[in-house]
Amino acid sequence: MKTITALLMATLIMCPCSSIMAKNPAASVTDKAQKASISTIKDLDNGRLYVMDYTADYKLDKML
């Protein structure tokens, strides 16, 4: 299990579907693993630093 910042997660989710994101950001979260990862977001520094456990597939092969 990997821990990454929420900013990186948001970037990975938003990249392939920016047109959907403009309308409804939650529309791109369709996988149970993605929803589970998002539920682990923790604020470490009053809104300046967040962490989460990312367990979903990165799908880097598809992106490359």
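Note that the structure is a prediction, hence the values are computed from the model and not measured.
- A donor-acceptor pair is defined here as one N or O able to donate and one able to accept, closer than 3.5 Å; no such pair exists between the side chain of Thr40 and the backbone of Met52.
- Counting only distance, with no hydrogens or angles, the side chain of Asp45 and the backbone of Leu49 share no donor-acceptor pair below 3.5 Å.
- Under the side chain to side chain donor-acceptor pair (under 3.5 Å) criterion, Asp61 pairs with no residue, sequence neighbours left out.
- Taking NZ of Lys35 as the reference point, atom CG of Asp31 lies at 8.5 Å (rounded to 0.5 Å).
- The distance from the CD1 atom of Ile41 to the OH atom of Tyr54 is 12.0 Å, given to the nearest 0.5 Å.
- The heavy-atom pair separating Arg48 from Asp43 by the smallest distance is N-OD1, 4.5 Å.
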